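Numbers restart at 1 for each chain; the letters A, B, ... are given by sequence-line order, proteins then strands. Keep in mind that what you see is a predicted model, and the values were worked out from it rather than measured.
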Number of protein chains: 4
Amino acid sequence: MVDEKNLSRKERERIFRRKEIMDAAVRFFAQKGFSATTLDEIALASEFGKGTLYNYFSGKEEIYTAIVEEVSATLEEIVKSAIQETSTPIDFIELYTRKLFNYCLNNCFDFILYVREVAHFTTDIYITDRNMIVSRHERVKNLIVERLKEGMVSKTLKKADPEKLSTLYEHLVFPYILFLITAPQQKLDEDEEINLILSVFFNGIIQKTK
Amino acid sequence: MVDEKNLSRKERERIFRRKEIMDAAVRFFAQKGFSATTLDEIALASEFGKGTLYNYFSGKEEIYTAIVEEVSATLEEIVKSAIQETSTPIDFIELYTRKLFNYCLNNCFDFILYVREVAHFTTDIYITDRNMIVSRHERVKNLIVERLKEGMVSKTLKKADPEKLSTLYEHLVFPYILFLITAPQQKLDEDEEINLILSVFFNGIIQKTK
Amino acid sequence: MVDEKNLSRKERERIFRRKEIMDAAVRFFAQKGFSATTLDEIALASEFGKGTLYNYFSGKEEIYTAIVEEVSATLEEIVKSAIQETSTPIDFIELYTRKLFNYCLNNCFDFILYVREVAHFTTDIYITDRNMIVSRHERVKNLIVERLKEGMVSKTLKKADPEKLSTLYEHLVFPYILFLITAPQQKLDEDEEINLILSVFFNGIIQKTK
Amino acid sequence: MVDEKNLSRKERERIFRRKEIMDAAVRFFAQKGFSATTLDEIALASEFGKGTLYNYFSGKEEIYTAIVEEVSATLEEIVKSAIQETSTPIDFIELYTRKLFNYCLNNCFDFILYVREVAHFTTDIYITDRNMIVSRHERVKNLIVERLKEGMVSKTLKKADPEKLSTLYEHLVFPYILFLITAPQQKLDEDEEINLILSVFFNGIIQKTK
DNA sequence: CATGAATGAGGATTCATTCAT
DNA sequence: TATGAATGAATCCTCATTCAT
């Protein structure tokens, strides 16, 4: 996350244009995958000349990587803020889920890319700098694991492997949100869906008090 | 699922060769996506000449579609058999999960393709005959929904929208299995994983009796 | 130089087609250099589809390299045969010059490429396998140097650094032949030109007897 | 050669900047040829903006042409001065060779370009104004031819076609000098090399007295 | 049927040139 | 005048598909 404060006008414009290109590209990457997306499409959609893209990115791969990295960074912010704004594991999971849902609603294509990468759903492209993404994902996961452990210590949550639980959460919530958003349907009652997810997930992990 | 009984030797051989090609192809589609997979790879891996593939399929797309359809059919068989072999919703879900896991262990590449298609994770390719897959998926889903409804009527399961619950199950179990299988890790304790999934899912959907 | 005897029809055809492509390409490389030559031109001139070229060469660079290597091999043959067919240094140089001239007359474009490479006149392209060409050039040069030394021992030739003399010969004869052939002029009296070259070169290196 | 005396400061600066650009460009043209050289390289090396180059030249081609023309003019000066400073053909050739060698030592890239053009070693680019260069080359050649004729009349030189002899000289000396300068070697004994060239060339063309 | 050479449409990338600042 | 971002034509290369053998 670049500090955009102390940048020259030129540099700010450059970052802005990079973002414009990424925003135009993400829809295609999400819908068709990396290989099937063409630079012509991206150029057309971003309203830049094809050659211009190369002033901002070294190639198709870098556009893709930049998008995934940006989502990755944003998701880390989301987790951190959810942690800071809550005091209990339960509250954290609820807020985190809500924030995720919200982010996904507004940036569904970015989210698709990220889920695909993290969930190993395709390796259409070998992201050279996957390390950065993977390590950030690990970091985020650890934050969640810590919270889960706290809950287990305080007996709010059932005892279980917190690592596995974290992974399970991720593979429950991410794909489901993705489904809700991509599936063509009339209306989406956000609260209802969140409640359902949490209800299922919680009433399994919350230790019942007699 | 073609009835292979009353076929001539020629026809049986034809089906056998189609299967060989599909088996060779699925690994590439799973690992690299549709677009990034080349017919040269498939020809080489299947030990057929490139031109020969066209005697068995109309093109790359049909190979892909045939694979997805085959998985789709197999999964329908799995659900049906799980239904027939169990008498309660709980038992059904457990057996179904177990069978899924098992199928996935032995056919992980096929499974990846299917999940990608069903979970809308990419539409790299527009499957012309997606209707058949979608409608079978609906059919399967309805079978599950019926079972869930039974459970709600008999008060074994909490009252909830069975459609949503079915979807939730699908988006919990499928991606998680996929993750377990694709994530590079040492050993995989199948039973432990299944128990975890079921534990979380069940203790959320099973109505607690005092 | 591949032994073309024991090859299958397929392999012979393959070599033949490679040669056809090289023959079509060399004219462009010679006239415009490596970078300015396009595959479209080569494809058109060789009467193959553009993609077909890639069945025979890995790319533009390999076509170029293959040509230079072929000339290199041929020139080695020429030197060797000239050595075998003569018994004195003087006769050798005369026959060698005559053979060179003749080769160049019939393969002037190939010759241009070779001279350019050997004379360091351009490094438009970095030939990966330049080593092979350079080492062959060294080998050929040594053969000539040996002959020159013989002449010096037998007092037929003046005493001088045979290495330098060999280089001087090369940079006299090759570029001049090239000039004669590429310069647009009416008629070319081969014998006259050869006699001139030899006259100048010989009457300098032949030791005068009183 | 523009008379730089009566020019305004602006015009002098303009010429100076053109020269700076040409000096930066010639190294690339010499090493990689016309096509493979990019304006970006030239702009970077000359420390001008890419657009600025167009204030001094109409395009890449003109930069190239200007360089070749400048060398061409310089070489004409060299020949003329060598003629004025000597009184015999022999002395002339010796001085000319020496001056050439010296020029080449200090401007080897320029020299490479010129030799390539004059020796027809590549026509990567069609110099629109090649006429000027060719005609100057003819002029220079005639000066040399005249000197050679004088030598033949005065019986200092053997009788021969002076035109051919001039060409032979050019194709002996130029490429050899080029080779000496571009070939990677430790030390270069200028005098030794010149003596060798002249020794070979002279003892062939000088008529022996009994 | 089996094969793989031939093909050309399509895609990523480069770069000379233009032009607004 | 100096600049470098924008551009798209041009180029190399890939690959699904065809077809002669």
Side-chain angles (χ1 to χ4, degrees), chain A residues 9-10 13-14 17 21 34-44 46-63, chain B residues 10 13-14 17 34-44 46-64, chain C residues 9-10 13-14 17 21 34-44 46-63, chain D residues 10 13-14 17 21 34-44 46-64 125:
Chain A
R9 187 179 59 81
K10 283 263 170 130
E13 278 186 11
R14 186 178 173 75
R17 296 235 174 73
I21 294 169
F34 177 77
S35 292
T37 297
T38 71
L39 279 188
D40 273 314
E41 288 169 321
I42 298 176
L44 195 67
S46 65
E47 294 176 274
F48 283 105
K50 212 180 346 170
T52 309
L53 303 187
Y54 286 84
N55 292 335
Y56 294 95
F57 297 93
S58 66
K60 190 165 85 157
E61 191 169 318
E62 212 202 55
I63 300 179
Chain B
K10 286 255 173 161
E13 275 187 14
R14 183 177 176 77
R17 294 232 177 78
F34 177 78
S35 291
T37 296
T38 70
L39 279 191
D40 273 312
E41 289 170 318
I42 299 175
L44 193 69
S46 66
E47 295 177 273
F48 282 104
K50 206 179 355 168
T52 310
L53 303 186
Y54 284 83
N55 292 331
Y56 295 95
F57 297 93
S58 67
K60 190 164 86 156
E61 193 168 315
E62 212 204 50
I63 301 178
Y64 184 86
Chain C
R9 187 179 58 79
K10 283 261 170 135
E13 277 185 11
R14 186 178 174 76
R17 296 236 173 72
I21 294 169
F34 178 78
S35 292
T37 296
T38 72
L39 279 187
D40 273 314
E41 289 170 319
I42 299 176
L44 196 66
S46 65
E47 295 178 273
F48 283 104
K50 210 181 346 172
T52 310
L53 303 187
Y54 286 85
N55 292 336
Y56 294 94
F57 297 93
S58 66
K60 190 164 84 159
E61 191 170 317
E62 214 201 53
I63 300 178
Chain D
K10 286 253 171 160
E13 276 187 14
R14 185 179 174 75
R17 295 233 176 79
I21 293 168
F34 177 78
S35 291
T37 296
T38 70
L39 279 190
D40 273 311
E41 290 169 318
I42 298 176
L44 193 69
S46 66
E47 295 177 272
F48 283 103
K50 207 183 349 172
T52 310
L53 303 187
Y54 285 83
N55 292 332
Y56 295 95
F57 296 94
S58 67
K60 190 165 85 157
E61 194 169 314
E62 212 203 50
I63 300 178
Y64 184 87
I125 176 190

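Counting only Watson-Crick and G-U wobble pairs whose two distances sit under 3.5 Å, DNA chain E takes part in these stems of three or more pairs: E:2-21 with F:2-21.
Contact annotation: Thr52(C) does not reach the phosphate of dA5(E) (side-chain N/O to OP1 or OP2, under 4.0 Å). Proximity of Arg17(C) to the phosphate of dA6(E): a side-chain N or O atom is located under 4.0 Å from OP1 or OP2. Residue Arg14(A) has no polar side-chain atom (N or O) positioned under 4.0 Å from OP1 or OP2 of dA5(F).
Shown here are the side-chain hydrogen bond (donor to acceptor under 3.5 Å, both in side chains) partners of Arg14(A), two or more places apart in sequence or in another chain: there are none. Residues passing the side-chain hydrogen bond (donor to acceptor under 3.5 Å, both in side chains) test with Glu41(C), sequence neighbours excluded: Lys32(C), Thr38(C).
With DNA chain E read from its 5' end, the first of the two nearest nucleotides for Thr37(A) and Tyr56(B) is the one closest to Tyr56(B). Annotation: of the two residues near DNA chain E, Thr38(A) and Glu47(B), the 5′-most nearest-nucleotide partner is Glu47(B).
Candidate nucleotides dT3(F), dG11(E), dA5(E) were compared by shortest atom distance to the side chain of Asn55(D), and dT3(F) ranks first.
Atoms CG (Asp40(D)) and C1' (dT13(E)) sit 14 Å apart, rounded to a whole Å. Note: CD1 (Ile42(D)) to P (dA16(E)) measures 8 Å, nearest angstrom. The CG atom of Leu53(A) sits 9 Å away from the P atom of dT7(F) (whole-angstrom rounding). In this entry the distance linking CZ of Arg9(A) with P of dT21(E) reads 10 Å, nearest Å. Remark: C1' of dA6(F) and CD of Glu13(A) are 13 Å apart, rounded to the nearest angstrom. Spacing between atom CZ of Phe57(C) and atom C1' of dT14(F) amounts to 18 Å, rounded to whole angstrom units. If you measure from atom CZ of Phe34(C) to atom C1' of dC12(F), you get 10 Å, rounded to the nearest angstrom. Taking atom CD1 on Ile63(A) and atom C1' on dT13(E), their separation rounds to 12 Å, with Å as the unit.
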Sub-3.5 Å pairs of nitrogen or oxygen atoms, protein against nucleotides 17-19 of chain E:
{"unit_1": "dT17(E)", "atom_1": "OP2", "unit_2": "Tyr54(D)", "atom_2": "OH", "d": "3.0"}
{"unit_1": "dT17(E)", "atom_1": "OP2", "unit_2": "Lys60(D)", "atom_2": "N", "d": "3.0"}
{"unit_1": "dT17(E)", "atom_1": "O5'", "unit_2": "Tyr54(D)", "atom_2": "OH", "d": "3.3"}
{"unit_1": "dT17(E)", "atom_1": "O4", "unit_2": "Lys50(D)", "atom_2": "NZ", "d": "3.2"}

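Shortest non-hydrogen contact noted between Ala36(B) and Ser35(A) is CB-OG, 3.3 Å. Between Glu62(C) and Tyr56(C), the shortest heavy-atom distance links the atoms OE1-O, 4.0 Å. Nearest heavy-atom pair across Ser46(C) and Ile21(C) is CB-CA, 4.2 Å. For Thr37(D) against Lys60(D), the heavy-atom pair with the smallest separation is O-NZ, 2.8 Å.
At least one side-chain heavy atom of Ile63(B) sits under 4.5 Å from a side-chain heavy atom of Leu39(B).
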